[in-house]
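Worksheet: one structure, shown below.
Just the heavy atoms: all of them, side chains too, but no hydrogens, waters or symmetry mates, feed the values below. Bear in mind the structure is a predicted one, so any value in this text is a computation, not a measurement.
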Amino acid sequence: MGVVTTMDPESARQPQVPPQGKLSSSGPVFVAGRGTGLRPRGKHYVCGSVAAFTNIIITFPIQKVLFRQQLHGLRATEAVQQLQREGLRHLYRGLLPPLLQKTTTVAIMFGLYEDFSRLLLQHARGSGAPELLTRSMAAALAGTAEAALTPFERVQTLLQDHRHNGRFQNTAHAFRTLLRDYGVKECYRGLVPVLLRNGPSNVLFFGLRGPIKQRLPDAHTKTGHLLNDFVCGGLLGAALGIMFYPLNVVKSRAQAQVGGEFVPCLRVLATVWRERGGSVALLFRGATLNYHRSLLSWGIINATYELLLKVV
């Protein structure tokens, strides 16, 4: 069953438990008994959300340095000096939007992937469709659904950009200003690069997570399993972060604008390319820090998520 382990669903990681309830039209309903904690269909959302919360609290200052590099093309030392000049009280300015956005999107990413996989596999059972294709569709749908929370990334961009320090006081004020002065559409500026990033990256993440973990040394202790999950998630997150880095540069540039024309992705990319002298190195400025941040972030998320699945 190599196809199943390729997409690394929960059913491939854990032994199947006989259903303890009656069948419904959507399939077996699992009823949590004593000592089983959350319902299986809800625990993926909770575990994903807590894993993302842990990650954001630890890595937010690194993300802020990286954002300044993406937006202004600064060196890491220049971005750090810029934050030092702004002071400690501004270091966690803009924390709430990514905290809300990431805890929700990671919950959606893991939870909807499991739910969509279950539903699509039920409907595809008699069609002969490859399971790999079905689970890839589930991953892409989960990633697309995450894009509904683009307004949080939008506000995070504005609060992290020092040029808007005097205009937006906090998360609530930024949302009120955008909605009052520009409407809902302005909150979704930068939606296209988010969509182009989320779906494909989800497909690759869930598709490669199983094979990578299988190639790591066998773990015989809880610490060993935790380390393997950290390495697996970290390597995948770092690689995907580099692969989709130009889309994040385009997103940051588009979302730093308030009001005015909604510029297409290719035009934004062409503008950044021209401003940075047609240099690939300058286009990817900040990618090194992004690699290390993603290595840490997705290592934390994947390890925490897998740990919580065992205890919740």
Could you check whether any side-chain N or O of [X] sits under 3.5 Å from a backbone N or O of [Y], counting only pairs where one atom can act as donor and the other as acceptor?
{"X": "Arg276", "Y": "Leu282", "value": "yes"}
{"X": "Asn302", "Y": "Gly234", "value": "no"}
{"X": "Asn198", "Y": "Thr144", "value": "no"}
{"X": "Arg285", "Y": "Gly73", "value": "yes"}
{"X": "Glu78", "Y": "Val80", "value": "no"}
{"X": "Gln69", "Y": "Leu74", "value": "yes"}
{"X": "Arg154", "Y": "Cys187", "value": "no"}
{"X": "Asn170", "Y": "His173", "value": "yes"}
{"X": "His44", "Y": "Asp115", "value": "no"}

Quick check on the hydrophobic clustering: are [X] and [Y] connected, directly or via other members, by side-chain heavy-atom contacts under 4.5 Å?
{"X": "Leu226", "Y": "Val311", "value": "no"}
{"X": "Tyr188", "Y": "Leu178", "value": "no"}
{"X": "Ile62", "Y": "Leu235", "value": "no"}
{"X": "Val192", "Y": "Val194", "value": "no"}
{"X": "Val155", "Y": "Leu191", "value": "no"}

Examine the side chains of [X] and [Y] and answer whether a donor and an acceptor come within less than 3.5 Å of each other.
{"X": "Asp181", "Y": "Thr177", "answer": "no"}
{"X": "Arg68", "Y": "Gln82", "answer": "yes"}
{"X": "Asn202", "Y": "Glu146", "answer": "yes"}
{"X": "Arg93", "Y": "Gln160", "answer": "no"}

Criterion side-chain contact (heavy atoms from CB on, under 4.5 Å) on Thr103 and Ile56, from CA distance to verdict
CA-CA 8 Å; Thr103 54; Ile56 288 294; 5.7 Å; no
Against Asp229, only a single residue in Arg209, Lys222, Lys213 fulfils salt bridge (charged side-chain N to carboxylate O under 4.0 Å, His left out); can you say which?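 By the salt bridge (charged side-chain N to carboxylate O under 4.0 Å, His left out) criterion, Asp229 pairs with just one of Arg209, Lys222, Lys213: Lys213.
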Euclidean distance, [Y] [atom2] relative to [X] [atom1], rounded to 0.5 Å:
{"X": "Leu91", "Y": "Gln84", "atom1": "CG", "atom2": "CD", "answer": "10.0 Å"}
{"X": "Asp161", "Y": "Ser252", "atom1": "CG", "atom2": "OG", "answer": "9.5 Å"}
{"X": "Arg293", "Y": "Thr288", "atom1": "CZ", "atom2": "OG1", "answer": "13.0 Å"}

What pair of heavy atoms forms the shortest contact from [X] to [Y], and how long is it?
{"X": "Leu309", "Y": "Cys47", "result": "N-SG, 3.7 Å"}
{"X": "Leu99", "Y": "Phe53", "result": "CD1-CD1, 3.7 Å"}
{"X": "Leu100", "Y": "Thr104", "result": "O-OG1, 2.7 Å"}
{"X": "Leu195", "Y": "Ala147", "result": "CD2-CB, 3.4 Å"}
{"X": "Leu159", "Y": "Phe168", "result": "CD2-CB, 3.9 Å"}
{"X": "Glu186", "Y": "Val258", "result": "OE2-CA, 3.7 Å"}

Would a line drawn from the ring center of [X] to the ring center of [Y] be shorter than 6.0 Å?
{"X": "Phe152", "Y": "Phe175", "result": "yes"}
{"X": "Tyr45", "Y": "Phe110", "result": "no"}
{"X": "Phe205", "Y": "Tyr113", "result": "no"}

* Take Glu261 and Arg267, measure what salt bridge (Lys or Arg N to Asp or Glu O under 4.0 Å) needs, and give me the verdict at the end. => CA-CA 12 Å; Glu261 179 187 4; Arg267 274 177 54 192; 3.1 Å; yes
When you look at Ile301 and Val106, which way does the side-chain contact (heavy atoms from CB on, under 4.5 Å) test go after all the steps? CA-CA 9 Å; Ile301 288 173; Val106 174; 4.1 Å; yes
TODO: Evaluate the criterion side-chain contact (heavy atoms from CB on, under 4.5 Å) for residue pair Met109 and Thr105; output intermediate values, then yes/no.
DONE: CA-CA 6 Å; Met109 173 183 166; Thr105 56; 6.0 Å; no
query: More than 12 heavy atoms of other residues, nucleotides or ligands under 6.0 Å from OH of Tyr291: is that the case?
result: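 No.
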query = Is it the case that more than 12 heavy atoms not belonging to Arg215 sit under 6.0 Å from its CZ atom?
reply =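 No, because the 6.0 Å sphere around CZ of Arg215 holds 12 heavy atoms or fewer from other groups.
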Cation-pi check, Arg135 to Phe206: give yes when NZ or CZ is under 6.0 Å from the six-membered ring centre and within 45° of the ring axis, no otherwise.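 The answer is no, since Arg135 fails at least one limit relative to Phe206.
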Does the pair Ile58 and Ile300 meet the rule for a side-chain contact (heavy atoms from CB on, under 4.5 Å), with working shown?
-> CA-CA 9 Å; Ile58 294 172; Ile300 292 171; 3.9 Å; yes
